[in-house]
Each structure stands twice: as C-alpha cells, then as structure tokens.
Asker: 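To start, I am sharing the structure in question, which I have written as structure tokens.
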Amino acid sequence: MAKTALITGVTGQDGSYLAEFLLAKGYNVHGMVRRTSSFATGRIDHLRQPFDGGHNGLQLHYGDLGDGTGLRRVIELVAPDEVYNLAAQSHVRISFDQPEYTADVVGLGALRLLEAVRDHSRSTGRQVRFYQAGSSEMFGKAAEVPQRETTPFHPRSPYACAKVYAHWQTRNYREAYGMFAANGILFNHESPRRGENFVTRKITRSATRIKVGLQDKLALGNLDAKRDWGFAGDYVEAMWLILQHPEPDDFVIATGESHSVQEFLELAFQRLGLDWRKHVEFDPRLMRPAEVDILQGDATKARTLLAWRPKVGFKELVAMMVDADLELAHRELKAQS
C-alpha cells in the first residue's frame with residue numbers, strides 16, 4: 001500500500017518541493033496550512049489536482065503549531081507513516097523583532113507535534129517516522145569550519161535558539177521513547193520559489209526588475225556574510241532519505257562550498273549584463289544585531305550513509321533563479337503596459 005506523509009509548512013518553498021517529490025513516488029500526501037484571511041497556496045496549487053493520473057493530489061488540512069489540540073486532530077485524521085515538520089517563522093532577521101512568537105512556533109511547535117505523534121503511536125501501535133527541519137543557523141558562531149554533526153551549536157538569533165531547542169527535543173524523544181525521530185541540519189537552500197524577503201531571492205527579483213526598468217535600486221545589508229548555498233529541490237530528497245534510513249539519526253545536508261552574499265550578487269547581475277555597484281545601496285537596518293560570518297557544511301555522513309549528493313551547483317542555482325525571475329519581471333512589465 002502507498003505510504004502516507006504529512007507535511008507542515010507545505011505552502012513554503014521546501015514544502016512545495018517535498019510534496020512534489022513524494023507525490024511522484026506514489027505517496028498519499030497531506031499538508032497542514034494555517035488559517036489566514038488571504039490565500040498563500042501559490043506554490044502548491046498545481047499539486048491539488050489528481051496527480052500523474054494515478055492517485056489523489058495534495059490534500060490540505062487546517063492546523064497550527066501553536067495549537068496542540070488541533071495537531072492531534074490532524075494526526076488522527078491523516079494517520080501518517082511519515083511526518084515532515086517544515087513549518088516555522090523562518091526569517092532570521094525578523095526573529096529579532098518577533099522573538100517570542102518565533103520561539104513558540106519554531107521551538108514549542110516542534111514539541112507539540114512530537115507529543116501529538118507520540119500519543120498517536122502509543123494509542124494505535126503504529127510507528128510514525130518524524131523529520132525535524134533543523135538549520136545551519138544553529139551553528140552560528142561555530143568554532144570550526146566546516147560544520148558537521150558533532151560541531152557544538154552556538155546560535156546567534158532567536159530563530160537559531162528555537163531551532164536548537166527543537167533539535168534537542170527531537171533527539172530526546174528518540175532516546176526517551178524509542179521514536180523514529182530524526183534531524184536534518186540543512187544549510188541554506190534556495191530556488192525560484194524562495195520568499196522574496198530572503199536575500200538571495202531579493203537579489204534575483206530586484207536585479208531582473210532593474211533589467212526591465214521596473215526599479216533602479218536594491219537595498220542590502222551585510223555583503224561579506226558567507227553561506228553554503230544549495231538547491232531546495234536537491235535538499236528535499238535528503239529529507240526523504242533521512243526517513244528511509246534504517247535507524248533514526250541526525251544529518252548535515254550541505255554542498256561543502258561557501259560563497260559570500262557579494263558573490264551571489266555579482267553572478268546575478270553579470271548574468272543580466274548589469275553592474276551591481278550602480279544599483280546596490282547599503283541599509284544598516286538590514287544588519288542583524290548578532291551576525292553569523294560563515295556557514296559551511298560537511299555532509300560526509302549523508303554522502304556515506306544516505307548516498308546523497310547535491311546535483312545543482314552554486315552558479316547553476318544563481319542562473320536558475322535569475323532566469324525564472326526575469327520571466328516574472330517581463331510578465332510584470334507587460335501587465336503594466
């Protein structure tokens with residue numbers, strides 16, 4: 001029989017790619033969405049129709065990581081074989097402005113979901129495999145580069161602190177209750193579906209709008225920060241592989257390369273034949289109170305035990321995002337004419 005998966009945060013970048021991936025593998029896929037006054041399903045609308053002619057498409061359920069009772073209802077209704085917890089207030093800079101909300105959703109939200117899964121398993125006798133989406137931001141001001149599974153955490157934001165809490169709760173539930181609870185410590189992963197308030201998408205979106213004459217300037221903060229950037233489509237495969245591993249464990253998922261924000265900026269503008277120096281302005285409001293200078297992952301464990309490797313390189317990723325946003329800018333220009 002087909003496996004059933006539940007994805008929290010299904011409307012986000014990772015959730016949409018993961019839903020596509022699992023549907024293509026024949027899963028019954030359910031997603032959890034928060035009730036809001038506006039629709040935020042643009043990334044997943046194409047998945048809600050019968051998929052591939054063979055089975056139902058993505059099925060959605062209202063739920064919120066801040067509501068433990070609601071989480072239990074969703075778990076009981078879906079009866080998943082696998083749960084992927086991708087929901088979060090995931091913007092690091094904004095977490096400084098909303099620390100309490102971030103801690104509640106990212107940290108306690110993971111705990112509430114773990115409890116709901118544990119209660120379901122205990123009452124039904126079914127093993128549910130649980131994936132917790134960790135973040136390279138947990139390493140923060142790490143003492144070593146690159147960072148691996150054994151590198152001590154040194155979080156430098158409310159978001160990162162909350163992710164560390166969720167990480168250790170996941171390990172605790174694995175050790176205390178024998179749950180199949182695994183952590184994926186994913187380094188930065190981007191795509192044309194990335195939110196426009198994240199620096200990579202902000203760059204490609206603005207650069208392409210500048211190219212077609214829809215804007216002239218782009219405000220950025222720290223250009224020297226270095227990150228290990230991969231393609232989100234590659235990283236959701238790693239999430240799945242982590243839950244297919246015989247034993248629950250924790251894995252760093254990364255490309256092993258580190259590039260600065262300025263390198264990303266230069267490649268994006270070069271692809272469009274533009275000089276970024278003529279258009280980029282520094283905005284101190286975009287600086288973090290506590291900066292993270294460099295994140296670079298060592299995914300040797302994932303390569304060895306999961307046979308996972310990234311397929312899309314850094315330059316390919318930038319080109320992919322620029323090309324997609326250039327099409328979007330042309331459509332926007334046409335709509336205004």
Asker: Before giving the answer on ring-ring contact (aromatic ring centres under 6.0 Å, His included), spell out for F180 and F130 the whole-Å C-alpha distance, their side-chain angles and the decisive distance to 0.1 Å.
Answerer: CA-CA 6 Å; F180 194 109; F130 180 91; over 10 Å; no
Asker: Judged by atom type as modelled, is there a donor-acceptor pair below 3.5 Å linking the side chain of S16 to the main-chain atoms of T11?
Answerer: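 No; judged by distance alone, with no hydrogens or angles, the pair does not exist.
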Asker: Evaluate side chain to side chain contact (heavy atoms under 4.5 Å, CB included) for R201 paired with T204, printing each intermediate quantity in order.
Answerer: CA-CA 5 Å; R201 184 76 195 288; T204 60; 3.9 Å; yes
Asker: May I ask you to decide if E257's main-chain N or O and Q296's side chain share a donor-acceptor pair within less than 3.5 Å?
Answerer: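 Between the backbone of E257 and the side chain of Q296 there is no qualifying donor-acceptor contact (under 3.5 Å).
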Asker: Decide side chain to side chain contact (heavy atoms under 4.5 Å, CB included) for L22 and Y84; before the verdict, give the C-alpha distance in whole Å, the side-chain angles of both, and the deciding distance to 0.1 Å.
Answerer: CA-CA 11 Å; L22 294 177; Y84 296 85; 3.8 Å; yes
Asker: Under a 4.5 Å side-chain heavy-atom rule over Ile, Leu, Val, Met, Phe, Trp and Tyr, are Y177 and I75 clustered together?
Answerer: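 In one cluster with Y177: I75, yes.
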Asker: Check I253, V292, N188 against S136 for a side-chain contact (heavy atoms from CB on, under 4.5 Å) and give me the one that passes.
Answerer: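 Checked I253, V292, N188 against S136; only one passes side-chain contact (heavy atoms from CB on, under 4.5 Å): N188.
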Asker: Measuring from atom CG of L241 to atom NE2 of H245, what distance do you get when rounded to the nearest 0.5 angstrom?
Answerer: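 Spacing of CG (L241) from NE2 (H245) equals 10.5 Å.
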Asker: Using only atom types and a distance under 3.5 Å, with no angle test, would you say the side chain of D234 pairs donor to acceptor with the backbone of K311?
Answerer: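 At least one qualifying donor-acceptor pair exists.
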Asker: What's the shortest heavy-atom distance between D104 and G66, and which atoms?
Answerer: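 Scanning both residues, the minimum pair turns out to be OD2-CA, 4.4 Å.
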Asker: Side chains of H189 and D14: do they bring a donor and an acceptor to under 3.5 Å?
Answerer: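 The criterion, which ignores hydrogens and geometry beyond distance, is satisfied for D14 and H189.
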Asker: Do V10 and L86 come within less than 4.5 Å of each other through their side chains, counting heavy atoms only?
Answerer: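 No. Closest side-chain heavy atoms not under 4.5 Å.
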Asker: In terms of ring plane angle, is the pair F198 and H91 parallel, tilted or perpendicular, where the classes change at 30° and 60°?
Answerer: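 Rings of F198 and H91: tilted, as their planes differ by 30° to 60°.
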Asker: Count the heavy atoms of every other residue, nucleotide or ligand shown that sit under 6.0 Å from CD of E100, and state whether that count exceeds 12.
Answerer: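 No, CD of E100 has 12 or fewer neighbouring heavy atoms, counting only those of other groups under 6.0 Å.
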Asker: Distance-only, no hydrogens or angles: does the Q98 side chain make a donor-acceptor pair with backbone N or O of I94 under 3.5 Å?
Answerer: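 No.
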Asker: So which atom in T102 and which in Y159 form the shortest heavy-atom distance, rounded to 0.1 Å?
Answerer: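 In this case the closest contact between T102 and Y159 is CG2-CA, 3.7 Å.
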Asker: Answer with yes or no whether the hydrophobic clustering places M287 together with L265; edges join I, L, V, M, F, W, Y residues whose side-chain heavy atoms lie under 4.5 Å apart.
Answerer: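 Shared cluster, no.
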Asker: With side chain to side chain contact (heavy atoms under 4.5 Å, CB included) as the test, would you mind laying out the steps for T255 and W229 before giving the verdict?
Answerer: CA-CA 7 Å; T255 69; W229 276 302; over 6 Å; no
Asker: Any side-chain heavy atom of M239 sitting closer than 4.5 Å to one from F21?
Answerer: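 No, too far: nothing below the 4.5 Å cut-off.
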Asker: About how many Å separate CG of D224 and CD of E263, when rounded to the nearest 0.5 Å?
Answerer: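 If we round to the nearest 0.5 Å, E263:CD and D224:CG are 10.5 Å apart.
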Asker: So how far is it from Q59 CD to H30 NE2, rounded to the nearest 0.5 Å?
Answerer: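 Going from CD on Q59 over to NE2 on H30, the span is 4.0 Å.
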Asker: Do L333 and L272 belong to the same hydrophobic cluster, where Ile, Leu, Val, Met, Phe, Trp and Tyr are linked whenever their side-chain heavy atoms lie under 4.5 Å apart, directly or via other members?
Answerer: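 Looking at the clustering, L272 is in the same group as L333.
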Asker: Check the pair T208, V322 against side chain to side chain contact (heavy atoms under 4.5 Å, CB included), reporting the backbone distance first and the verdict last.
Answerer: CA-CA 7 Å; T208 53; V322 169; 4.2 Å; yes
Asker: Taking the side chain as every heavy atom from C-beta outward, state whether I185 and F139 have any atom pair closer than 4.5 Å.
Answerer: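 With C-beta onward as the side chain, the pair touches.
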Asker: Would you check if V74 and T8 make a side-chain contact, meaning some heavy-atom pair closer than 4.5 Å?
Answerer: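 Side chain of V74 against side chain of T8, heavy atoms only: no contact under 4.5 Å found.
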Asker: Are any side-chain N or O atoms of N85 and backbone N or O atoms of Q132, one a donor and one an acceptor, separated by less than 3.5 Å?
Answerer: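 Checked: no pair found.
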Asker: Answer yes or no: are there more than 12 heavy-atom neighbours, outside Q336 itself, under 6.0 Å from its atom CD?
Answerer: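 Yes, the 6.0 Å shell around CD holds more than 12 heavy atoms from other groups.
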Asker: So, do L218 and H279 sit near enough that their side-chain heavy atoms are less than 4.5 Å apart?
Answerer: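 No. Closest side-chain heavy atoms not under 4.5 Å.
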Asker: Under 4.5 Å between any side-chain heavy atoms of W276 and I203, yes or no?
Answerer: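 No, too far: nothing below the 4.5 Å cut-off.
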Asker: Compare every heavy atom of V117 with every heavy atom of V83, then report the nearest pair and how far apart it is.
Answerer: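 Taking V83 first and V117 second, the nearest heavy atoms are CG2-CG2, 4.2 Å.
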Asker: What is the ring orientation for Y235 with W308, classed by angle as parallel under 30°, tilted 30 to 60°, or perpendicular over 60°?
Answerer: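 Answer is perpendicular, since the angle exceeds 60°.
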Asker: Should we count NZ of K217 as having more than 12 external heavy atoms under 6.0 Å?
Answerer: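 Result for NZ/K217: enclosed.
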Asker: Within the distance-only criterion (no hydrogens, no angle test), does the side chain of R148 pair as donor or acceptor with the backbone N or O of G297 below 3.5 angstrom?
Answerer: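 No; zero donor-acceptor contacts below 3.5 Å.
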Asker: Grab the two heavy atoms, one from L243 and one from A182, that are nearest each other, plus how far apart they are.
Answerer: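 So the minimum-distance heavy-atom pair works out to CD2-CB, 4.3 Å.
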Asker: Is it the case that the side chains of Y165 and Q169 hold a donor-acceptor pair, with the cut-off being a distance below 3.5 Å and no angle test?
Answerer: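 Result is yes, a qualifying pair exists.
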Asker: Does any N or O in the side chain of E115 come within less than 3.5 Å of the main-chain N or O of R112, such that one atom is a donor and the other an acceptor?
Answerer: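 Not a single qualifying donor-acceptor pair exists.
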Asker: Under a 4.5 Å side-chain heavy-atom rule over Ile, Leu, Val, Met, Phe, Trp and Tyr, are L220 and F269 clustered together?
Answerer: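 Yes, it is one cluster - the side chains of L220 and F269 are joined through contacts under 4.5 Å.
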Asker: Out of R72, R126, E76, which one pairs with H120 under the side chain to side chain donor-acceptor pair (under 3.5 Å) rule?
Answerer: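 Output: one option passes, namely R126.
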Asker: Might you work through the side-chain hydrogen bond (donor to acceptor under 3.5 Å, both in side chains) test for S206 and R209, ending with a clear yes or no?
Answerer: CA-CA 5 Å; S206 296; R209 295 185 87 250; over 6 Å; no
Asker: Given the rule that I, L, V, M, F, W and Y join up when any side-chain heavy atoms are under 4.5 Å apart, are L108 and Y101 in one cluster?
Answerer: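 Same hydrophobic cluster.
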Asker: Do Q147 and D228 touch side chain to side chain, with heavy atoms closer than 4.5 Å?
Answerer: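 No, every pair of side-chain atoms sits at 4.5 Å or beyond.
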Asker: Using 0.5 Å steps for rounding, measure from the CG atom of L326 to the CZ atom of R205.
Answerer: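 So the CG of L326 and the CZ of R205 are separated by 10.5 Å.
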Asker: Crowded around R285 CZ? As in, over 12 foreign heavy atoms under 6.0 Å?
Answerer: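 Check fails, neighbour count at 12 or below.
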Asker: Going by an N to O cut-off under 4.0 Å, is there a salt bridge joining K163 and E137?
Answerer: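 No, this pair does not count.
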Asker: For the side-chain contact (heavy atoms from CB on, under 4.5 Å) test, which of I44, L47, V29 pairs with L60?
Answerer: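 For L60, the side-chain contact (heavy atoms from CB on, under 4.5 Å) check succeeds only for I44.
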Asker: For R93 versus R288, what's the shortest heavy-atom pair and its separation?
Answerer: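 Here R93 and R288 meet closest at CD-CA, 4.1 Å.
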Asker: Could E149 and K301 be called an ion pair, given the rule that one side-chain N must be under 4.0 Å from one carboxylate O?
Answerer: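 Not counted as a salt bridge, because no side-chain N and carboxylate O are separated by less than 4.0 Å.
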Asker: Which heavy-atom pair separates K141 from R156 by the least distance, and what is that distance?
Answerer: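 Shortest heavy-atom contact: N-CG, 3.7 Å.
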Asker: How long is the gap from NZ on K211 to CG on D325, to the nearest 0.5 Å?
Answerer: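 These two atoms lie 15.0 Å from each other.
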Asker: Any donor-acceptor pair under 3.5 Å linking the side chain of N183 with the backbone of G134?
Answerer: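 Between the backbone of G134 and the side chain of N183 there is no qualifying donor-acceptor contact (under 3.5 Å).
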Asker: Test your reading of the model: is there a side-chain donor-acceptor pair from K3 to the backbone of D81, 3.5 Å cut-off?
Answerer: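 Side chain of K3 to backbone of D81: no pair is present.
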Asker: With side-chain hydrogen bond (donor to acceptor under 3.5 Å, both in side chains) as the test, would you mind laying out the steps for E237 and Y17 before giving the verdict?
Answerer: CA-CA 9 Å; E237 180 182 12; Y17 279 113; over 6 Å; no
Asker: Between R193 and E20, is there a side-chain N and carboxylate O pair less than 4.0 Å apart?
Answerer: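 A salt bridge links R193 with E20.
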Asker: Answer whether the closest heavy-atom distance between the side chains of S157 and F96 falls below 4.5 Å.
Answerer: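 When only atoms from C-beta onward are counted, F96 and S157 do touch, with a gap below 4.5 Å.
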Asker: Kindly check if the number of other-residue, nucleotide or ligand heavy atoms within 6.0 Å of CZ (R34) is above 12?
Answerer: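 Not more than 12 within 6.0 Å, no.
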Asker: Side chains of R118 and S121: any donor to acceptor distance under 3.5 Å?
Answerer: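 Per modelled atom types, S121 and R118 side chains form no pair under 3.5 Å.
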Asker: Please check if the side chain of S135 supplies one atom and the backbone of M138 the other of a donor-acceptor pair under 3.5 Å.
Answerer: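 Checking the backbone N and O of M138 against the side chain of S135, no donor-acceptor pair under 3.5 Å is found.
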